[in-house]
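Just so you know, ligand 1 is whichever comes first in the structure, and atom 1 is the first atom listed for that ligand.
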Amino acid sequence: MDKPTLAVIIPCYNEELCLKKTVTRILEVLDVLISKNKIKSDSYLYLIDDGSGDSTWKIIEEMHNADKRVKGTKFIRNFGNQKALIAGLESVREIGCDCAVSIDADLQQDENAIEKFIDKYMDGADIVSGIRRDRKTDPFFKKLTAVMFYKTMNILGAKIPPNHSDFRLVSSKALKIMELYHEKYLFLRGFFNELGLKTAYVDFDVKPRQAGQSKFNFFSLMTLALNGITSYSVVPLRFVAVLGFFIALFGFLVGIETVIEKIFWNNSPNGWATAIILSCVFGGIQLFCLGVIGEYVGQVFREVKARPRYIKDVELK
Ligand code: UDP
Ligand code: MG
């Protein structure tokens with residue numbers, strides 16, 4: 001196989017504190033790989049400014065003017081990290097590359113692993129997923145929710161390896177297949193896993209964020225997780241149906257018991273607490289089930305409107 005043209009995709013949201021250092025560092029990595037004859041010299045970076053309110057775009061423009069290998073686009077507003085990644089993948093497919101690696105702007109992922117990604121690609125892998133060695137840098141709550149998310153996904157049937165990240169290499173073949181998926185809320189971690197292309201894994205160390213703060217909060221992580229679940233599994237809907245069946249069965253049996261008691265022993269009242277508890281529990285279960293169904297209805301609603309995934313304001317090629 002011929003050595004590839006590599007595109008490195010970096011989503012950026014208010015990253016003025018990190019960006020210069022990150023871009024310089026990634027350009028160095030490209031230079032080293034070029035000198036080792038592992039990638040072609042027309043390899044480049046593609047930065048997506050996800051509607052930042054700070055000077056992120058100005059920095060991107062400056063770096064583009066200094067080195068044309070720095071390309072990028074600016075979103076008209078913030079669309080979120082997944083959309084920025086999707087835009088990056090679609091843009092580099094358009095510009096042209098043999099493989100693309102996505103990495104965060106804060107350089108938390110070990111950029112030296114890119115070389116291993118390329119080696120795996122040369123061995124024939126179409127997807128190389130970065131697997132975090134540990135979650136030392138994550139706060140306790142994020143660690144806990146991440147473990148819960150991957151466990152849930154696996155129970156629900158979407159086989160995503162735990163400690164998976166959006167640090168991955170995809171080949172132009174995978175990018176081409178992506179064109180066939182019109183889902184607006186494409187969940188990349190699920191998508192690249194279910195394609196069935198040859199996949200390899202590379203462990204990497206997670207570093208502390210270089211500067212600035214994490215752009216994810218509880219709600220954005222929750223949204224990402226719920227989208228992942230509702231995009232890749234209908235098991236919760238089935239669970240609701242099965243749960244409903246058993247609760248109905250239980251209600252039926254309790255009903256018979258009540259009638260029998262009334263007829264033969266005539267001792268109806270006495271049971272205020274039971275009545276209250278049952279009505280609360282069942283009220284809760286019903287609302288929970290409605291919520292689960294609502295999540296799927298919401299997913300259908302968002303998809304059926306077919307709004308654009310993102311809107312580019314300016315593009316530097
Ligand atoms: N990001 C983005 N849009 C957003 C939020 C985040 O493009 O709305 C980018 C961010 O600039 C970074 C990457 O997504 O390059 C990962 O974000 P962050 O490092 O804040 O997440 P964490 O590492 O804490 O999970
Ligand atoms: Mg980070």
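Closest to atom 20 (O) of ligand 1, if we only count protein heavy atoms, is Lys215 N, 2.5 Å. Nearest non-hydrogen protein atom to atom 19 (O) of ligand 1 is Asp106 OD2, 2.6 Å. Of all protein heavy atoms, the one closest to atom 4 (C) of ligand 1 is Asp50 OD2, 3.4 Å. Nearest non-hydrogen protein atom to atom 24 (O) of ligand 1 is Ser214 OG, 2.6 Å. The protein non-hydrogen atom at the shortest distance from atom 17 (O) of ligand 1 is Phe216 CE1, 3.8 Å. Looking only at protein heavy atoms, the nearest one to atom 23 (O) of ligand 1 is Gln108 OE1, 2.7 Å. Protein heavy atom at the shortest distance from atom 13 (C) of ligand 1 is Asp104 OD1, 3.4 Å.
Checked against a 6.0 Å centroid threshold, the rings of Phe218 and Phe141 count as neighbours.
Ion pairing between Asp138 and Arg132 holds under the 4.0 Å rule for side-chain N and carboxylate O. At a threshold of 4.0 Å, the pair Lys74-Glu61 does not count as salt-bridged, since none of the basic side-chain nitrogens sits closer than that to a carboxylate oxygen. The pair Glu115-Lys120 does not count as a salt bridge, with every side-chain nitrogen at least 4.0 angstrom from each carboxylate oxygen. Between Arg189 and Asp166 a salt bridge is recorded (basic side-chain N to carboxylate O distance below 4.0 Å).
Both tests hold for Arg77 against Phe79: distance to the six-membered ring centre under 6.0 Å, angle to the ring axis within 45°. Seen from the ring of Phe149, Lys151 does not count as a face-on cation partner, given the 6.0 Å and 45° thresholds. Both tests do not hold together for Lys317 against Tyr46: distance to the six-membered ring centre under 6.0 Å, angle to the ring axis within 45°. For the pair Arg168 and Phe192, the cation does not sit on the ring face, since its NZ or CZ is not both under 6.0 Å from the ring centre and inside 45° of the axis.
Ligand 1 lies within reach of Arg209, whose nearest heavy atom is under 4.0 Å from it.
Atom OD2 is the N/O/S atom of Asp106 found closest to the Mg ion (ligand 2).
Of the polar atoms of Lys142, at least one N or O is found under 3.5 Å from an N or O of ligand 1, judged by distance alone. The distance criterion of under 3.5 Å between nitrogen or oxygen atoms is met by Pro11 with respect to ligand 1.
Only the side chain of Glu15 comes within contact range of ligand 1, with a heavy atom under 4.0 Å; no backbone atom does. Under 4.0 Å from ligand 1, not a single heavy atom of Ile10 appears.
The Mg ion (ligand 2) does not have Ser214 among its coordinating residues (no N/O/S atom, backbone or side chain, under 2.8 Å).
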